[in-house]
Protein chains: 2
Amino acid sequence: MTIVGNPMGQSTPELEDAIHEKIRAAGLRLTMPRRAICAVLAVNDEGFLTTQEILGRIGEQGVPIDPSTAYRTLDDLAKIGLIHLVHLGSSPGRWHLTVEHDHQHLVCEICGKTTLVPTAEIQPMFDQLRERYGFQTRHHHFAIMGHCETCSESEEHDHA
Amino acid sequence: MTIVGNPMGQSTPELEDAIHEKIRAAGLRLTMPRRAICAVLAVNDEGFLTTQEILGRIGEQGVPIDPSTAYRTLDDLAKIGLIHLVHLGSSPGRWHLTVEHDHQHLVCEICGKTTLVPTAEIQPMFDQLRERYGFQTRHHHFAIMGHCETCSESEEHDHA
DNA sequence: CTCGCTGTTGCAAGAAGTTGCAACAAGAAT
DNA sequence: ATTCTTGTTGCAACTTCTTGCAACAGCGAG
Ligand SMILES: [Mn+2]
Ligand SMILES: [Mn+2]
Ligand SMILES: [Zn+2]
Ligand SMILES: [Zn+2]
């Protein structure tokens, strides 16, 4: 089950620039390996990629980078809030852009379909958690696992 | 940051039996390695343990089991709904008992404190997701990351 | 443009996690 | 109690991920 948002898409210079901006703003250096990783992330806006997949794409396209560099860099990008690690099922975690994503994700465990839900729709729950427990939800960009409409219906048929 | 519920606690025979029951009911064989793993899970009711931690405890106490067996067995137990893999931050996933846990977890990213929230309090959100998107939330036992009351307050002080 | 500081990289070694397979043992049948 | 079937285990080989470190290069200062 591959989960990508813009598989063979065009690069999106605006987004890529915005990412570079954030990296600089955080005081990180804009190196070649980082540019390569950002490029992959930019064309996969809305996608969820594993570190291995990112490494693979970079290798296909140009100068490969060392795996350890990829692992470390992705951690760094997460630390500055540019990307986010999402665990879909038991497979390795997947990286997902955070910038300009004011939504949450519903992920179907069966077919992998992801549905976007405006954060506003879930906000009331977060507010309630804060009121009752003083708990400040942080990862305002997370994935809720379950079964999508289509797969739910097929399941009912199977039971009949 | 270690997250356990009953660190050096007594074994809880009732819970352990309930687990054995579930394993048998699923048509799985009750082997020595599985008994060992269940024993660790039973004394750590409410705890979150990594596979490595489980392996470590078994090694300390008696006959060690092969790592591959542990990884495979834990996957099997998850498949029959006995345990659940929870990702707290970027560390390896942690196993958590599902049986008799009708609650969700608020996990503090800073101090690791976990707060239990009755599922009923979050149910309205799940219901809403179903009404609007036809989405059936499955993992009714998940972790919401954020900052607990205490840590939120310290942060405010730091800013001042 | 050149220099210098220091954050980053690639490499190598190791730890963690996965997979195929032959030997083994849980538990049903007799 | 004994036998038989087949799900499980431990081992070995492999892939993935992590960590320490010396060489390197981004980029600010001059
Ligand atoms: Mn998104
Ligand atoms: Mn619980
Ligand atoms: Zn689906
Ligand atoms: Zn806290």
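Predicted, not measured: the structure shown is a model, and the values here were computed from it.
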Spacing of B/Leu85 atom CG relative to C/dG17 atom P, expressed in whole Å
11 Å

Which whole-number value in Å describes the distance from A/Ile80 CD1 to C/dT8 C1'?
14 Å

Looking across every strand, which nucleic acid part, if any, lies under 4.0 Å from A/Pro92 by heavy atom: base, sugar-phosphate, or nothing?
sugar-phosphate

Looking at side-chain heavy atoms only, is the closest gap between B/Phe48 and B/His105 below 4.5 Å?
yes

What nitrogen or oxygen pairs link the protein and nucleotides 10-13 of chain C at under 3.5 Å?
{"from": "C/dG10", "atom 1": "OP2", "to": "A/Asp66", "atom 2": "N", "distance (Å)": "3.4"}
{"from": "C/dG10", "atom 1": "OP2", "to": "A/Thr69", "atom 2": "OG1", "distance (Å)": "2.6"}
{"from": "C/dG10", "atom 1": "N7", "to": "A/Arg72", "atom 2": "NH2", "distance (Å)": "3.3"}
{"from": "C/dG10", "atom 1": "O6", "to": "A/Arg72", "atom 2": "NH2", "distance (Å)": "2.7"}
{"from": "C/dC11", "atom 1": "N4", "to": "A/Ser68", "atom 2": "OG", "distance (Å)": "3.3"}

Can you confirm whether B/Leu30 sits close enough to B/Arg35 that some side-chain heavy atom of one is under 4.5 Å from a side-chain heavy atom of the other?
yes

How about B/Arg34 and B/Leu28: do any of their side-chain heavy atoms sit closer than 4.5 Å?
yes

Would a 4.5 Å heavy-atom cut-off, applied to side chains only, mark A/Lys113 and A/His147 as touching?
no

Does a side-chain N or O from A/Gln52 land closer than 4.0 Å to OP1 or OP2 of D/dT15, or not?
no

Find the distance A/Leu77:CG to C/dG7:P and express it as a whole number of Å.
17 Å

Which whole-number value in Å describes the distance from B/Asp76 CG to D/dG7 C1'?
10 Å

Side chains of residues 65-81 of chain B: which donor-acceptor partners sit under 3.5 Å, not counting sequence neighbours?
{"from": "B/Asp66", "atom 1": "OD2", "to": "B/Ser68", "atom 2": "N", "distance (Å)": "3.0"}
{"from": "B/Asp66", "atom 1": "OD2", "to": "B/Ser68", "atom 2": "OG", "distance (Å)": "2.5"}
{"from": "B/Ser68", "atom 1": "OG", "to": "B/Arg72", "atom 2": "NH2", "distance (Å)": "3.4"}
{"from": "B/Tyr71", "atom 1": "OH", "to": "B/Gln52", "atom 2": "NE2", "distance (Å)": "2.9"}
{"from": "B/Thr73", "atom 1": "OG1", "to": "B/Thr69", "atom 2": "O", "distance (Å)": "2.8"}

What's the angle between the local helix axes at either end of the helix from C/dC1-D/dG30 to C/dT30-D/dA1, using five pairs per end and rounding to 10 degrees?
30°

Got a list of side-chain donor-acceptor pairs under 3.5 Å for residues 85-93 of chain B, not counting sequence neighbours?
{"from": "B/His87", "atom 1": "ND1", "to": "A/His87", "atom 2": "ND1", "distance (Å)": "3.4"}
{"from": "B/His87", "atom 1": "ND1", "to": "A/His87", "atom 2": "NE2", "distance (Å)": "3.2"}
{"from": "B/His87", "atom 1": "NE2", "to": "A/His87", "atom 2": "ND1", "distance (Å)": "3.2"}
{"from": "B/Ser91", "atom 1": "OG", "to": "B/Leu88", "atom 2": "O", "distance (Å)": "3.1"}

Whole angstroms only, please: what is the CG-C1' distance between A/Asp75 and C/dT9?
15 Å

Mind checking whether A/Gln136 and A/Phe126 have side chains closer than 4.5 Å, heavy atoms only?
no

Is B/Thr50 close to B/Trp95 at the side-chain level, that is, under 4.5 Å between some pair of heavy atoms?
no

OP1 or OP2 of C/dA16 less than 4.0 angstrom from a side-chain nitrogen or oxygen of B/Thr50, does that happen here?
no

CD1 of A/Ile23 versus P of C/dG7: gap in Å, rounded?
17 Å

Quick one: B/His87 NE2 to C/dG17 P, roughly how many Å, whole number?
11 Å

Pairs meeting criterion salt bridge (Lys or Arg N to Asp or Glu O under 4.0 Å) with involvement of residues 18-32 of chain A, two or more places apart
none

Nucleotide-resolved protein contact map, nucleotides 24-30 of chain D, B/S/- at heavy-atom distance under 4.0 Å:
-BBS---

Can you tell if the side chain of A/Arg57 reaches within under 4.5 Å of the side chain of A/Leu49, non-hydrogen atoms only?
yes

Taking the side chain as C-beta and beyond, is there a heavy-atom pair between A/Glu121 and B/Arg132 under 4.5 Å?
yes

